[in-house]
Visitor: 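Below is one structure. I have some questions about it.
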Amino acid sequence: MQRFSPLTNLCFLISIYLSFFEVAVSEEGFCSAPTSVFNGEKSGALYWKVTNPTLSPAHLEDLPGFTRSVYKKDHALITPESHVLSPLPEWKNTLGAYLITPAMGSHFVMYIAKMQDNSRSAPPSGDVERFIFVVNGAVTLTNGSDNSHRLMVDSYAYVPPNFQHSIDSDAPATLVVFERRYSYLGDHVPEVMIGSTDKQQLLETPGEIFQLRKLLPTSMAYDFNIHIMDFQPGEFLNVKEVHYNQHGLLLLEGQGIYRLGDSWYPVQAGDAIWMAPFVPQWYAALGKSRTRYLLYKDVNRNPL
Ligand code: UGY
Ligand code: MN
């Protein structure tokens, strides 16, 4: 015999009771009243949909042509339904979607790499450093000296410029990749870094309540860092930030509101954001579960 959840049973009973008042039960299990009842209209009338949208906000993404993606002078929000995948140049069996590139004004690229069975990376061009973070599946990083490391979800690797390496996968895996032309400074030399988020210690965040981890050393050899920032529901940035640094952000978990300039965007896991220098930025976590985002930030170099 088919069993229903207590919520379904409850809604079913309520719907029978309320059917006298023409109130319906929606598909999600939440009780709701069709607006036509309140308007005293019957479905099927000419122009009925103008005053009775068929799409509730939760279904807005089903509207043909609808996207939350936005591209402006000093910021962009790229949501997953806007990704356009194409073979990554010189990578084997890998599709990519470039989400942030210098065409927007950034000095770095951020892209999603979807590695398929039997796939392999291509090296970045000369003097370009690379950071990879595994979002799904697992990959193997092999460096010049035949050292290999298995990188699972939540693991990452930093590869300095002109450092021979390859990333291989024999099954589907998804990476987020950051690359930029390394900014040399004196005798400082960055080294290969391999790690995972959960092994990184929590750092002090004076004046803020979010939890912060940095995936790269803070020493001068590194011209950017990748922050992992966690917010519990209801927590928000205290500082309404305006700063010279650029950001590339990937929301890994949760939902909330991102303020960018004068615009306020509902965002959720999977969304990517480009923030140009000096764009006012602020975030509040408003979902029912933790927000976690990964954030590129250029550091340790004089902007002049
Ligand atoms: O470090 C930062 O600039 C970071 N707090 N920015 C941000 O989350 N938008
Ligand atoms: Mn910032």
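Worth knowing before you read on, the calculation uses all heavy atoms, side chains too, and leaves out hydrogens, waters and symmetry mates. The first residue in the sequence is number 1, and the count goes up from there. As the structure lists them, so they are numbered: ligands from 1, and atoms in each ligand from 1.
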Visitor: List the closest protein heavy-atom neighbour of atom 1 (O) of ligand 1: residue, atom name, distance to the nearest 0.1 Å.
Guide: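 Protein heavy atom at minimum distance: K297 NZ, 2.9 Å.
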Visitor: Heavy-atom contact under 4.0 Å between E208 and ligand 1?
Guide: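 Contact absent.
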Visitor: State plainly whether the residues D230 and R213 are in salt-bridge range, i.e. N to O under 4.0 Å.
Guide: yes
Visitor: With rounding to the nearest 0.5 angstrom, report the CD1 to CG distance, I228 to L294.
Guide: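 Atom-to-atom, I228:CD1 and L294:CG are 4.0 Å apart.
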Visitor: With the threshold set at under 4.0 angstrom, would you say Y293 reaches ligand 1 through any of its heavy atoms?
Guide: yes
Visitor: I'd like to know if the side chain of D127 pairs up with that of N162 as donor and acceptor (distance under 3.5 Å, no hydrogens or angles considered).
Guide: yes
Visitor: Just checking, any donor-acceptor pair under 3.5 angstrom between side chains of T197 and D154?
Guide: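 Yes, because at least one side-chain N or O of T197 sits under 3.5 Å from a partner of the opposite role on D154.
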Visitor: Between S121 and S166, do the side chains contain an N or O donor and an N or O acceptor separated by less than 3.5 Å?
Guide: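 The answer is no; no qualifying pair exists.
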Visitor: Just jot down the ligand 1 atoms closer than 4.0 angstrom to any heavy atom of Y258, in number order.
Guide: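 Listed by number with element, the hits are 7 (C), 8 (O), 9 (N).
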Visitor: Write out the residue and atom name of the closest protein heavy atom to atom 9 (N) of ligand 1, then the distance separating them to 0.1 Å.
Guide: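 Answer for atom 9 (N) of ligand 1: Q281 OE1, 2.7 Å.
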Visitor: For the residue pair Y222 and Y182, confirm or rule out a side-chain donor-acceptor distance under 3.5 Å.
Guide: no
Visitor: Compute the ring centroids of F178 and F224, then answer whether they are less than 6.0 Å apart.
Guide: no
Visitor: Taking only residues two or more places apart in sequence, or in another chain, which ones meet D262 in a salt bridge (Lys or Arg N to Asp or Glu O under 4.0 Å)?
Guide: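 Testing D262 for salt bridge (Lys or Arg N to Asp or Glu O under 4.0 Å), a comparison that skips the adjacent residues, returns R259.
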Visitor: Give me the number of protein N, O or S atoms whose distance to the Mn ion (ligand 2) is under 2.8 Å.
Guide: 4
Visitor: Pull out every atom of ligand 1 sitting under 4.0 Å from any heavy atom of H243, numbered as shown with elements.
Guide: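 Within the 4.0 Å cut-off of H243, ligand 1 contributes 3 (O).
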Visitor: Using a strict cut-off of less than 4.0 Å between a Lys/Arg side-chain nitrogen and an Asp/Glu carboxylate oxygen, indicate whether D298 and R180 qualify as a salt bridge.
Guide: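 Salt bridge flag = no for R180 with D298.
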Visitor: Is it true that Y158 and E129 share a donor-acceptor pair across their side chains at a distance under 3.5 Å?
Guide: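 Checked: E129/Y158 side chains pair up, N/O donor to acceptor below 3.5 Å.
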Visitor: For atom 6 (N) of ligand 1, what is the nearest protein heavy atom, given as residue, atom name and distance?
Guide: E241 OE1, 2.8 Å
Visitor: Examine the proximity of ligand 1 to V239 and report which part, side chain or backbone, both or neither, has a heavy atom under 4.0 Å away.
Guide: neither
